[in-house]
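Written below as structure tokens is the structure these notes are about.
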Amino acid sequence: MKSHFTTLFTCLILCLSNIGLQAQNLTEKEKDVIKAKINFNISLAQKNIDSNQFYKAQDDLDQALALANQINDNKSIGLIYSKIGKIQFITEEPTEALQTLIKAIEKQRFAEDNINIAETYKTIGNVYMSKNNFKRALDYFNSAQQLFENEDLHDFEAETVIYKGDVYYNLEEYKKAETEYKNAVSISKQYLNNKILSSAYINLGKNTIILGDLEEAESITMQGLNIAKQNNFADLLNNAYQVLSDIYNEKANYKKANQYLKKHIALNDSLLKAKRNYLSPEKRLSKLYNNQIEYQKEKEADLEKEASSTWLEKLTTILSIALITILSLLTLSLYKNNNIRLKSNNILHKKNAELTIAMEKAELATKTKANFLSTVTHELRTPLYAVTGLTNMLLEENPKPEQVQHLKSLKFSGDYLLTFINDILQINKIEANKVDIEPEVFNLKKKVENVISALNNSALDNNITLHLEYDRDLPNNFIADQLKISQVLINLIGNSIKFTKDGDIWVRVIKQNQSNNDFILRFEVEDNGIGISQEKQENMFESFSQGSIQINRKYGGTGLGLSIVKGLIDILKGKIYMKSELGKGTTFFFEIPLKKSDEVIVNKKANYFNEVDEIELSNIKILVVEDNKINQMITKKILNKMKLYCDVVDNGEDAVDRVKTHNYDVVLMDIHMPGISGIEATKIIRSFDKKLTIFALTAVTIEDKMQEFDEAGFTDIIPKPFKQEDFEKKLFNALMLTEKTS
């Protein structure tokens, strides 16, 4: 029995192979005949779609698809898939529709069939509309419109414009929807497309109800209804009846509203019945399987009646039965596989929904964390402004010798706390992808030397010698973000200093690779300190990670430095790794790309107030707007030390009144104040004075408020607590600019 089945199956394969060879050997004339049949079936399918005969249309398209595959006609295959996807969408099978439409796009792109790609995009947009994914739908409608415009097919564009209007309508952006619907009316009038014109009028009428002009809505909808009646557009008549029912209901004409509602319900039921007549894919497979079994039984009965037929006819019949049996088994297998696939899809959809909810929760948690950090850092920065400001003042006012050490300790504690806050904010910015690359030309060798020089005193305190080895083959000037490179080096060298005693630290800069002006440089920071165990090395680049609790207590630190380093190197498109051994030391390696620069660096001379001879300081008027009394005193004292004098107010309303009645050169504006905020006060001032220099003197997280500060009209921002030299420089530059322009 097994050998008989193998023989039959071999015969079947040979038959199918012969069919494939015949397809390859078709002449051009035969191919043209097949193409004509394909086009005829596609046009017949379109007529059946237009008349809601979806089952017949599907049958026509299946036949056309078989022929198109026979001659490998990608353009026709893409068009057929597009129309099948449209039928699946109309008959409420959105998941299957998307899969079919994606197949269509693959074939159409291969065939460079831009016109039909646009039509497919339009259908995909409608599928996403049915799923209430309006943003995604709008993307596809925009793509379709662009392709129609590129191909100069503006008459096809009108329907897409209507769909865009529908998206805006669902997003409750009714003015945008009105613009799109009116645009569709204009295009369809120009190209005499009655169906689109009727649809545009009806949708515009529906939108006009929301905008509140019921008379206009009635007039517009009636125009669409009349066109639909004249051309027997059943689906548009259905929509028009519903819109008119809504209009008359709003106008309290309940009799007419009821009449149109009844017409809508009757016609809607008729259209739904036509849709339901179309079988789902599962039922079609089941029907195909049953038909094949019946067909097999009929053939077996015929065999008994044809006992006198020739041997060749018997063999043909046997092969036919074998073929039908195999096809039946394949159909059953497909039917079962389809059920399994549907179950798998349901599981996947459920999992996707769960993942979406989890993602939304994670985004909410991230946003909550960012808001919490912004609030906490603001509340910490405000008193820190007082601590650091008063400490610096006391140190400069000749304190008693026994007080100097206490004040230095207080200054150290304030600086440490500020560093900790800044580290947390830096990590938060890196995690939120809010750190931007700011490339500039700089001298790399000098930059590394400056970092080493800045850290040399800390190294000497631990009896450490710092060594620099700079590759002789390297140029000095590069284009990169020098600030971030400095941050990385400061963190790594500072880390080595912290964990090394009576030893050496080597800093090396080595050329790893070069292509023209593009370099890959390797930086090494090696120490002979306490080293790191293999177990702890795995987590060294995570936040709040140090060797152990004992190490944290003994050496201090927040455990954020290496996490910041890793984040910055990722931003610089580099990579970092390390090697370490307990008791023998640690080496950190990082590699980053830099571009060589031949530009000459001009060193700019810093300008400070003790060098000023161009401005008469006594004529400068500054207004300080600050509600905190201690901060008022500190800011005023800093300005007096700079030989500048100021007026002080403690709220936004008084600040606005002062600027109106006095001529100030600079306003230092706090943000959080009772009454109106500094941002609101600045907006009011900008309404009558566009040129006044206004600095935001603030403790808020600047990056989170930057756009708000720009919109309010601030000249610049000075974060609290600030370095006095930075404050002086910004203020001096602003005053110099005012002097030159006056």
Side-chain angles (χ1 to χ4, degrees), residues 49-52 54 86-87 89-92 94 122-123 125-132 134 137 141 157-174 176-189 193-251 253-254 256-276 278:
I49 292 171
D50 293 338
S51 59
N52 294 331
F54 304 120
K86 190 169 185 177
I87 291 173
F89 162 65
I90 293 169
T91 54
E92 299 174 3
K122 193 164 63 176
T123 308
N126 281 319
V127 174
Y128 279 114
M129 278 276 285
S130 71
K131 289 172 167 280
N132 294 330
F134 301 117
F141 291 144
E157 183 185 346
E159 188 177 18
T160 310
V161 175
I162 289 179
Y163 294 147
K164 285 176 65 179
D166 293 342
V167 170
Y168 289 125
Y169 181 87
N170 282 286
L171 291 172
E172 298 182 0
E173 297 182 33
Y174 302 113
K176 287 186 178 179
E178 181 183 38
T179 301
E180 297 296 343
Y181 289 142
K182 286 183 175 178
N183 189 18
V185 168
S186 175
I187 296 171
S188 51
K189 276 184 177 179
N193 192 325
N194 284 328
K195 187 163 188 177
I196 303 303
L197 180 59
S198 174
S199 178
Y201 274 137
I202 294 165
N203 284 308
L204 182 58
K206 178 176 67 174
N207 191 71
T208 309
I209 298 173
I210 305 296
L211 296 175
D213 192 343
L214 297 177
E215 296 300 328
E216 179 69 11
E218 181 184 359
S219 173
I220 292 168
T221 308
M222 280 296 185
Q223 291 181 65
L225 176 68
N226 292 333
I227 296 170
K229 278 184 178 178
Q230 291 167 13
N231 295 275
N232 196 26
F233 299 142
D235 53 339
L236 297 181
L237 275 172
N238 184 41
N239 294 341
Y241 289 149
Q242 184 177 16
V243 174
L244 286 168
S245 176
D246 292 340
I247 291 169
Y248 287 119
N249 190 57
E250 289 290 325
K251 293 173 77 172
N253 188 342
Y254 301 116
K256 275 195 171 184
N258 190 43
Q259 288 173 355
Y260 280 110
L261 182 59
K262 285 180 178 178
K263 289 181 179 181
H264 164 65
I265 291 170
L267 185 53
N268 194 54
D269 286 345
S270 174
L271 293 171
L272 282 174
K273 188 176 179 182
K275 277 189 181 181
R276 288 168 186 153
Y278 182 73

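For reference, positions follow the sequence shown, starting with 1.
A cation-pi geometry, defined here as NZ or CZ lying under 6.0 Å from the six-membered ring centre and within 45° of its normal, holds between K195 and F233.
Taking NZ of K263 as the start and CG of L237 as the end, the distance is 9.5 Å to the nearest 0.5 Å. Considering NZ of K182 and OG1 of T208, their distance stands at 7.0 Å, rounded to 0.5 Å. Within the model, atoms OH of Y241 and OG1 of T221 stand 13.0 Å from one another, a figure rounded to the nearest 0.5 Å. The CG atom of N126 sits 9.0 Å away from the OG1 atom of T160 when rounded to the nearest 0.5 Å. The line from OG of S198 to CD1 of I227 is 5.5 Å long, rounded to the nearest 0.5 Å. Once rounded to the nearest 0.5 Å, the distance linking OH of Y181 with CD1 of I162 reads 8.0 Å.
At distances below 3.5 Å, not a single donor-acceptor pair connects side-chain atoms of N258 with backbone N or O atoms of Y254. Between the side chain of N183 and the backbone N or O of T179, no donor-acceptor pair lies under 3.5 Å.
The heavy-atom pair separating A184 from V161 by the smallest distance is N-CG1, 3.8 Å. When every heavy atom of N249 is checked against every heavy atom of A257, the shortest pair comes out as N-CB, 3.6 Å. Scanning both residues, S245 and L261, for their nearest heavy atoms gives OG-CB, 3.5 Å.
E178 and Y168 share no donor-acceptor pair across their side chains, judged by distance under 3.5 Å alone.
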Subject >> side chain to side chain contact (heavy atoms under 4.5 Å, CB included) assessment of V243 paired with I247 >> reply: CA-CA 6 Å; V243 174; I247 291 169; 3.9 Å; yes
Subject >> Verdict with supporting geometry, V167 and E173, side chain to side chain contact (heavy atoms under 4.5 Å, CB included) >> reply: CA-CA 9 Å; V167 170; E173 297 182 33; over 6 Å; no
Original post:
Y248 and E218: side chain to side chain donor-acceptor pair (under 3.5 Å), yes or no, with the steps?
Top reply: CA-CA 8 Å; Y248 287 119; E218 181 184 359; 2.5 Å; yes
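At a threshold of 4.5 Å between non-hydrogen side-chain atoms, the residues P94 and K131 count as touching.
Residues forming a salt bridge (charged side-chain N to carboxylate O under 4.0 Å, His left out) with E250 (at least two apart in sequence, or on another chain): none.
Close placement of the Y169 and Y174 rings is indicated, their centers lying within 6.0 Å of each other.
Within the structure, every pair that satisfies the salt bridge (Lys or Arg N to Asp or Glu O under 4.0 Å) test and touches residues 196-216, not counting sequence neighbours, is listed here: E215-K251.
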